[in-house]
Number of protein chains: 2
Amino acid sequence: MSQTERDRPSVLRAARERTRAEITREILDAARRHLATDGASGLSLRAIARELGMSSSAVYGYVASRDELLTRLIVAAYDALGSAAETQEAAVDREDLAGRWAAACGAVQGWALANPNEYALIYGTPVPGYTAPAATIAPAARVSSVLLGILRDIAAGRPAPATAEDDVPPDDREALAPARSIVGPEVPDTLLHQGLMAWAALFGTVSFELFGQLHGIVGEQPGDREAYFAESVRRWAAQLGITPAGTAPAARKPARPLEPA
Amino acid sequence: MSQTERDRPSVLRAARERTRAEITREILDAARRHLATDGASGLSLRAIARELGMSSSAVYGYVASRDELLTRLIVAAYDALGSAAETQEAAVDREDLAGRWAAACGAVQGWALANPNEYALIYGTPVPGYTAPAATIAPAARVSSVLLGILRDIAAGRPAPATAEDDVPPDDREALAPARSIVGPEVPDTLLHQGLMAWAALFGTVSFELFGQLHGIVGEQPGDREAYFAESVRRWAAQLGITPAGTAPAARKPARPLEPA
DNA sequence: CGCTGTCAAGAGCAGTGCTCGGAAAAGTTG
DNA sequence: CAACTTTTCCGAGCACTGCTCTTGACAGCG
């Protein structure tokens, strides 16, 4: 271009960068499409190149390797799930702790059912020699952040740490140190541990349903899985000391929630 | 074959069958070795053939396809895990319900940590177009059988169905029909649902630990994971109404279990 | 000797990830 | 405009995979 813009990135250079980003996005989109249909193991760089009408070696100018492509898809999946959980949980009245919990759980399960292969990519078997490359840990923490935030608000609405009536063994208290550094000192150990248990139970349940492990255990008629999941969500909430009906349960004993219909 | 031994299996035929079974077993052993080191995605029929010193096409006389080999490994893994859970749970005094529960949980986690790739094969992402070929469902049910058996004995040691004080919504009751047909009518709905939740939570926790999802949440110092898991097991037991100390808890309120150390 | 059944080996096909050299296009400078 | 540099792209190629098909070797039996 003209010599008036020699040093600063010329507009043409910017245009190149733009088309480059555009092509990269197209590659990622195609990859996501293939992932949705064929699963992670069926993701082929050559197939993507064919679909985009370019040579297989050309895509290596945009994506370093198949592993890097997988990593980008993983980050995208974590972000999509985290964003879904955040927005759906944020749409609920802050006082309605049980509603927020149910919204977060529902977001996770709904997104997983809508994007099973993406869910399997991030919560299923990790690829063999693959170690999460640090770019994934931040998006991966988004959904657990939402859940820990609820935990924090549960603790804030409670009268007191309840002395030390039923506490956690000291070695477990030590094991919970990383989670404690995230959630802060306000959440009692018991609640923190119970929250992590509910967190693992939530994803265990979703994975079981998605990976076919509930076959022959929970019915597959329309509505069965929904009913089972909804009741589980209700019970996790009860274990955390929050119930759908009121905002501040007085007694520990959870009243049986009435179904809305 | 010759017409002198047309009907009854000749001794030679038997010998052939024997060596055939022998080679098949060697193939499976080599496959299991490769699976343990390289994971399921890295399992190569050609590599197995090389290791056994035979041509790649020769193994197709013993194993129909890679998928069939995977299926056999899956069945073997389910059997190994189920057997571990059965024996370890059976070694505990039948009256000690909490001990049986802890033994079963510990067996699952211990086997998973010892055989991570085999665990991932059966409880991780299912292979893309793969549907469990009916030969896998029986071995797959072994570990859940153990857990349901404990549930049944919990119900048997209880005073009564506790009226219908806190029951389960009717749609969830319907969803639990398959599990109910296994466990029998003695187990109340609440306990059945709670048991399935603990089941999912157990495998969710094990999967989280194995797949690296606990990173940054639960400590990785020696003993941390053990303490976290042990406390989770204790709390699941408490949610099922069994505590390590006594055999029959009177009140619903779970007493805080004392740690053995 | 021939016949039959089982087995193994080899070549081959279609596909994969990935690398490399050269060609072509695009942008920059004299 | 011409020359130069940078960026992009394609094709060939390597090593690997699952799987098939043809060929050949071996045994037992008539």
Side-chain angles (χ1 to χ4, degrees), chain A residues 1-24 26-27 30-31 34-35 38-73 127-130, chain B residues 1-24 26-27 30-31 34-35 38-73 127-130:
Chain A
M1 184 40 89
S2 71
Q3 52 271 56
T4 66
E5 42 202 11
R6 56 167 74 188
D7 272 348
R8 62 193 168 112
S10 74
V11 58
L12 281 177
R13 264 189 97 81
R16 251 222 278 257
E17 299 257 334
R18 223 176 42 220
T19 70
R20 188 181 172 77
E22 170 83 8
I23 294 181
T24 306
E26 275 182 28
I27 291 177
H34 274 89
L35 175 66
D38 301 337
S41 66
L43 200 150
S44 156
L45 268 177
R46 291 181 115 116
I48 294 173
R50 269 196 301 275
E51 181 176 319
L52 297 187
M54 63 170 108
S55 171
S56 70
S57 57
V59 305
Y60 282 89
Y62 300 90
V63 173
S65 69
R66 201 191 108 114
D67 266 20
E68 201 224 274
L69 209 173
L70 255 306
T71 299
R72 297 205 187 193
L73 293 181
V127 286
Y130 187 86
Chain B
M1 69 189 74
S2 75
Q3 49 267 58
T4 66
E5 44 200 9
R6 55 170 74 192
D7 276 346
R8 62 189 170 111
S10 73
V11 58
L12 280 177
R13 259 188 99 81
R16 259 218 244 269
E17 299 256 335
R18 222 176 42 220
T19 70
R20 187 180 171 77
E22 170 83 9
I23 295 181
T24 306
E26 276 183 26
I27 291 177
H34 274 89
L35 175 65
D38 301 339
S41 64
L43 200 151
S44 157
L45 269 176
R46 291 182 115 114
I48 295 173
R50 269 195 301 272
E51 181 175 319
L52 297 186
M54 63 170 107
S55 169
S56 70
S57 57
V59 305
Y60 281 89
Y62 300 90
V63 173
S65 68
R66 201 192 107 115
D67 266 20
E68 200 224 274
L69 209 173
L70 255 306
T71 299
R72 298 207 187 191
L73 293 181
V127 286
Y130 187 86

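Letters A, B, ... mirror the listed sequences (proteins, then strands); counts begin at 1.
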What is the separation between atom [atom1] on [X] and atom [atom2] on [N], rounded to the nearest whole Å?
X: A/Tyr62; N: D/dT7; atom1: OH; atom2: P; answer: 12 Å
X: B/Arg66; N: D/dC19; atom1: CZ; atom2: C1'; answer: 13 Å
X: B/Leu43; N: D/dG18; atom1: CG; atom2: P; answer: 8 Å
X: B/Leu45; N: D/dT20; atom1: CG; atom2: P; answer: 11 Å
X: B/Ile48; N: D/dT17; atom1: CD1; atom2: P; answer: 11 Å
X: A/Arg20; N: C/dA26; atom1: CZ; atom2: C1'; answer: 14 Å
X: B/Leu70; N: D/dC19; atom1: CG; atom2: P; answer: 10 Å
X: A/Asp38; N: C/dT16; atom1: CG; atom2: P; answer: 11 Å

Candidate pair A/Ile48 and A/Leu43, rule side-chain contact (heavy atoms from CB on, under 4.5 Å), full reasoning: CA-CA 8 Å; A/Ile48 294 173; A/Leu43 200 150; 3.9 Å; yes

side-chain N/O A/Tyr60 vs C/dC20 OP1/OP2, d < 4.0 Å: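 Answer is no, no contact under 4.0 Å.
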
Criterion side-chain contact (heavy atoms from CB on, under 4.5 Å) on B/Val59 and B/Leu69, from CA distance to verdict: CA-CA 11 Å; B/Val59 305; B/Leu69 209 173; over 6 Å; no

Closest nucleotide among C/dT19, C/dT16, C/dA8 to the A/Ser44 side chain: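 Closest nucleotide to the A/Ser44 side chain: C/dT16.
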
Residue B/Met54, side-chain atoms from C-beta onward, closest of C/dA9, C/dC18, D/dC10: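 For B/Met54, the side-chain atoms sit closest to C/dA9.
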
Charged N-O contact under 4.0 Å between B/Glu68 and B/Arg72: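 A salt bridge is present here (some side-chain N lies under 4.0 Å from a carboxylate O).
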
From A/Arg18 atom CZ to A/Ile23 atom CD1, the distance as rounded to the nearest 0.5 Å: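 If we round to the nearest 0.5 Å, A/Arg18:CZ and A/Ile23:CD1 are 12.5 Å apart.
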
Straight-line distance of A/Thr71 OG1 to A/Arg66 CZ, nearest 0.5 Å: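 Rounded to the nearest 0.5 Å, the OG1-CZ separation comes out at 11.0 Å.
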
5' priority, DNA chain C, between A/Ala64 and A/Ala47 [closest heavy atom]: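 Closer to the 5' end of DNA chain C: A/Ala47.
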
Base C/dA8 to side chain B/Ser57, donor-acceptor N/O within 3.5 Å cut-off: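 Check fails, no donor-acceptor contact within cut-off.
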
Presence of donor-acceptor pair under 3.5 Å, side chain of A/Arg46 and base of C/dG15: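 No.
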
